[in-house]
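Data first, discussion second: the structure below is written as C-alpha cells.
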2 protein chains.
Amino acid sequence: MQRNRIDLVWSALADPTRRGMLERLAEGETNITTLAAPFAMSQPAVSKHLTVLERAGLIQRTRKGREHHIRVDPRPLAEAGTWIEHYARLWQEQFDAVDAYLKARSGKASNRKAPTRKTSNRKTSTRKRTSSSKRTRERKPR
Amino acid sequence: MQRNRIDLVWSALADPTRRGMLERLAEGETNITTLAAPFAMSQPAVSKHLTVLERAGLIQRTRKGREHHIRVDPRPLAEAGTWIEHYARLWQEQFDAVDAYLKARSGKASNRKAPTRKTSNRKTSTRKRTSSSKRTRERKPR
DNA sequence: CCGTTGCATAACCAATAGGTTATCTATTGT
DNA sequence: ACAATAGATAACCTATTGGTTATGCAACGG
C-alpha cells in the first residue's frame, strides 16, 4: 500500500539483501549475475529484489545484449537523507530539552520500578460480542 | 523477517502514518490520544503503529497515570542517517564517474576513466535444473 | 461506589512481501 | 544450426502488515 516515492525508498532499504546489493553497487556498475552471486537465493528472487529497487528509483538498468547492467542512482537517497537530517535535528532538540528538564528537576536517581501489572487472566475471554453486533463474524477454522 | 535494528527502523519509516506521528512528535512529547487525533483510524490501529515505532527504538513511552506519554528518541535515526550519508557519498562518486565517462567518450578525449568492471562471473550459477524435474507441482484452484 | 477515559489485547481478515520451482524469450559462442 | 547463458515471468506458498471490532482493565472524577 505504498503511497509515494519515499515510502518505496524506505521499504526498499528495509531489506538486508537489497542493502547488500546497493553496497555492492557502490563499487561500480555490474550485470545482474555478478550482483546476485553473494546471495543465497534463487535467480527469480534476485530479480524481484531488483524490481523493488528499480521501482523505488534507486537503481537504473541498461540492456547490453542479454546482460542487464545495473547502476545506482543516488538521487532518491539524497531525498531520504534530507528528510532524516531535517527531523533528526528537530528531534535532537526535543530530546535535549526533555533531558535537560529531567536533569534540572530531579536530583534523585531512579526509583523506576515496574508498575507491576497484575497478571490479568484475560485468556478466559469468551469474546462475548453481544447480540446487538452488526457484523456477526463467524469463526472460521484454519 | 526483520533481522536487526536498522531493518526495523527503515520499515517503521516506510509508513506515512508513522512518519506523521514522528513529525508531530518533533513539536514535543504528547499522550497517545492527542498524537492519534489527526489519523483516521481506530485506536487499536494507532496502538499497533506505536508498537512498531517502539520496537524500532524510535520512541519511548512513560506511563503517567492512565496516560502514556510518548517522546521521540533520535538516536536510531542518527544511525540510519549515518548509513545513508556514507553510501550517498560513495554512490554519488560512482554516479559522477559514470556520467563523466559517458560525457568524455561522447564528446572528446577522456581525461577521466570509468571503472567499467568486466563481468567477472565468479561462481557462475550452476542452477541448471536438468529437465528431469523432481517436484511436479499441480495447479491448485483457488 | 460507579461511570468514563486511556490504552492494550485478542481474534479476525485481506493484501503484500519474500521466497520457491518451472518455464519462456532473447542473445551469444561455437 | 544449436546448446548454453542472462534474465524475466507465472504460479504457488507462507509469514507479515495494516486494518477492523470486541473486550479487558487500571486510573480518574464525581
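Below, read A as the first sequence line, B as the second, and so on, with proteins coming before strands; counting in each chain starts at 1.
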Closer than 4.0 Å, any side-chain N/O of [X] to the OP1 or OP2 of [N]?
{"X": "His49(B)", "N": "dT17(D)", "result": "no"}
{"X": "His69(A)", "N": "dA6(D)", "result": "no"}
{"X": "Ser47(B)", "N": "dC7(C)", "result": "no"}

In whole Å, I'd like the distance from the [atom1] atom of [X] to the [atom2] atom of [N].
{"X": "Leu13(B)", "N": "dT17(D)", "atom1": "CG", "atom2": "P", "result": "15 Å"}
{"X": "Phe39(A)", "N": "dT20(C)", "atom1": "CZ", "atom2": "C1'", "result": "18 Å"}
{"X": "Leu35(B)", "N": "dT5(C)", "atom1": "CG", "atom2": "C1'", "result": "17 Å"}
{"X": "Lys64(A)", "N": "dT28(C)", "atom1": "NZ", "atom2": "C1'", "result": "17 Å"}
{"X": "Leu8(B)", "N": "dA17(C)", "atom1": "CG", "atom2": "P", "result": "17 Å"}
{"X": "Ile70(A)", "N": "dA6(D)", "atom1": "CD1", "atom2": "P", "result": "14 Å"}
{"X": "Asp15(B)", "N": "dT16(C)", "atom1": "CG", "atom2": "P", "result": "14 Å"}
{"X": "Gln43(A)", "N": "dT9(D)", "atom1": "CD", "atom2": "P", "result": "11 Å"}

Nearest to the side chain of [X], which nucleotide is it out of [options]?
{"X": "Ser42(A)", "options": "dG18(D), dG18(C), dT21(C)", "result": "dT21(C)"}
{"X": "Met41(B)", "options": "dA8(C), dT21(C), dG19(D)", "result": "dG19(D)"}
{"X": "His68(A)", "options": "dT9(D), dG7(D), dT20(D)", "result": "dG7(D)"}
{"X": "Lys48(B)", "options": "dT21(D), dG19(D), dA8(C)", "result": "dG19(D)"}
{"X": "Arg63(A)", "options": "dT27(C), dT20(D), dG19(C)", "result": "dT27(C)"}

Quiz prompt | Pairwise 5' ranking along DNA chain D for Arg61(A) and Arg66(A), keeping only the more 5' one | solution =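 By nearest-heavy-atom nucleotide position, the 5'-most residue is Arg66(A).
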Quiz prompt | Side-chain heavy-atom pair Met21(A), Thr17(A) within 4.5 angstrom cut-off | solution =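 Answer yes - side chains close enough.
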Sidechain-backbone polar pair: [X] side chain, [Y] backbone, donor-acceptor under 3.5 Å:
{"X": "Trp10(A)", "Y": "Ala80(A)", "value": "no"}
{"X": "Arg24(B)", "Y": "Leu35(B)", "value": "no"}
{"X": "Asn4(A)", "Y": "Asp7(A)", "value": "yes"}

Self-check item: Closest-nucleotide ordering on DNA chain C, the 5'-leading residue of Thr33(B) and Arg18(A)
Solution: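 Looking at DNA chain C, the more 5' nearest nucleotide goes with Thr33(B).
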Practice problem: Name the nucleic acid region contacted by Glu67(B), choosing base, sugar-phosphate or nothing; use a 4.0 angstrom heavy-atom cut-off, strictly under. | Solution: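 Sugar-phosphate only.
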Quiz prompt | Pairs touching residues 37-60 of chain B that satisfy salt bridge (Lys or Arg N to Asp or Glu O under 4.0 Å), sequence neighbours left out | solution =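 Output for this query lists Glu54(B)-Arg61(B).
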